Amino acid sequence: IPVFEHVAGWLNDQRAAKRQLVQLPAIVRVRPKGTKALVDTGIALLEDVSQHGARLIMENPLEPGTPVRYEVPGTSLGGRGTVVFSRPFESPMNVRFAVGVSLDRSPTPATGIDRVLRWRWRSTTQAARGS
């Protein structure tokens with residue numbers, strides 16, 4: 001039955017922009033309601049990205065509507081947007097949460113939407129210079 005559910009989900013996926021699998025650790029920061037400061041929530045797994053959104057796998061859920069930023073250390077891959085869903089999934093060891101983020105359309109110098117899908121590893125000389 002899980003195979004049929006997977007195939008049915010794949011066939012019903014009507015997304016205009018296809019997701020690209022990333023599966024890299026990302027630093028996630030959120031802006032809690034009523035504050036202007038970003039709060040570091042720790043490391044998450046950046047599961048996949050598209051031109052319009054991203055999916056993070058996290059230890060704790062995030063409330064829909066929460067502003068969020070993420071970046072993959074050592075790359076130019078990152079983004080900012082708003083949480084649209086937070087769904088639990090269980091494994092035999094623990095519970096994790098799939099957090100969907102609708103990405104902002106306005107580009108920023110460090111994490112612009114135009115750079116999300118064309119990320120690269122920073123060279124050691126760039127990392128040493130702080131670029």
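Throughout, numbering of the chain's residues begins at 1 and tracks the sequence. Every value quoted in this text rests on a predicted model; they were computed, and no experiment measured them.
Counting heavy atoms from C-beta on, the side chains of Pro25 and Leu46 never come closer than 4.5 Å. The side-chain heavy atoms of Leu56 and Leu45, taken from C-beta on, include no pair separated by under 4.5 Å. Using a 4.5 Å cut-off on side-chain heavy atoms (C-beta onward), Val84 and Pro64 make no contact. Put simply, the side chain of Val28 does not reach to within 4.5 Å of the side chain of Arg69, judged on heavy atoms.
Atom CZ of residue Arg80 and atom CD of residue Glu71 lie 13.0 Å apart, to the nearest 0.5 angstrom. Distance CG/Asp40 to CD1/Ile43: 7.5 Å, rounded to 0.5 Å.
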Open item on the list: Val68 vs Thr82, test: side chain to side chain contact (heavy atoms under 4.5 Å, CB included). Steps then yes/no.
Closed with: CA-CA 6 Å; Val68 65; Thr82 305; over 6 Å; no
TODO: Start with the C-alpha distance between Tyr70 and Ile27, add both sets of side-chain angles, then the distance that settles side chain to side chain contact (heavy atoms under 4.5 Å, CB included), and finish with yes or no.
DONE: CA-CA 5 Å; Tyr70 65 87; Ile27 298 171; over 6 Å; no
- [ ] Would you check, one step at a time, whether the test side chain to side chain contact (heavy atoms under 4.5 Å, CB included) holds for Met58 with Thr41?
- [x] CA-CA 9 Å; Met58 303 181 69; Thr41 64; 3.7 Å; yes
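Residues Ile57 and Val30 are members of separate hydrophobic clusters, defined by side-chain heavy-atom contacts under 4.5 angstrom among Ile, Leu, Val, Met, Phe, Trp and Tyr.
Closest approach of Ala37 and Pro32 over heavy atoms only: O-CD, 3.8 Å. Closest approach of Ala26 to Pro73, counting heavy atoms only: CA-CD, 4.4 Å. Contact record, Asp104 with Gly81: OD1-CA, 3.5 Å, taken as the closest heavy-atom pair. Looking at every heavy atom in both residues, Val49 comes nearest to Ala54 through CG1-CB, 3.9 Å.
With Thr66 contributing its side chain and Val83 its backbone, the two residues share no donor-acceptor pair below 3.5 Å.
The side-chain hydrogen bond (donor to acceptor under 3.5 Å, both in side chains) pairs that include a residue from residues 22-33 are Gln23-Glu47, Lys33-Glu63, where partners are two or more places apart or lie in different chains.
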Give every donor-acceptor pair under 3.5 Å between a side-chain atom in residues 92-101 and any protein atom, sequence neighbours left out.
residue : atom : partner : partner atom : Å
Asn94   : OD1  : Ser91   : OG           : 3.2

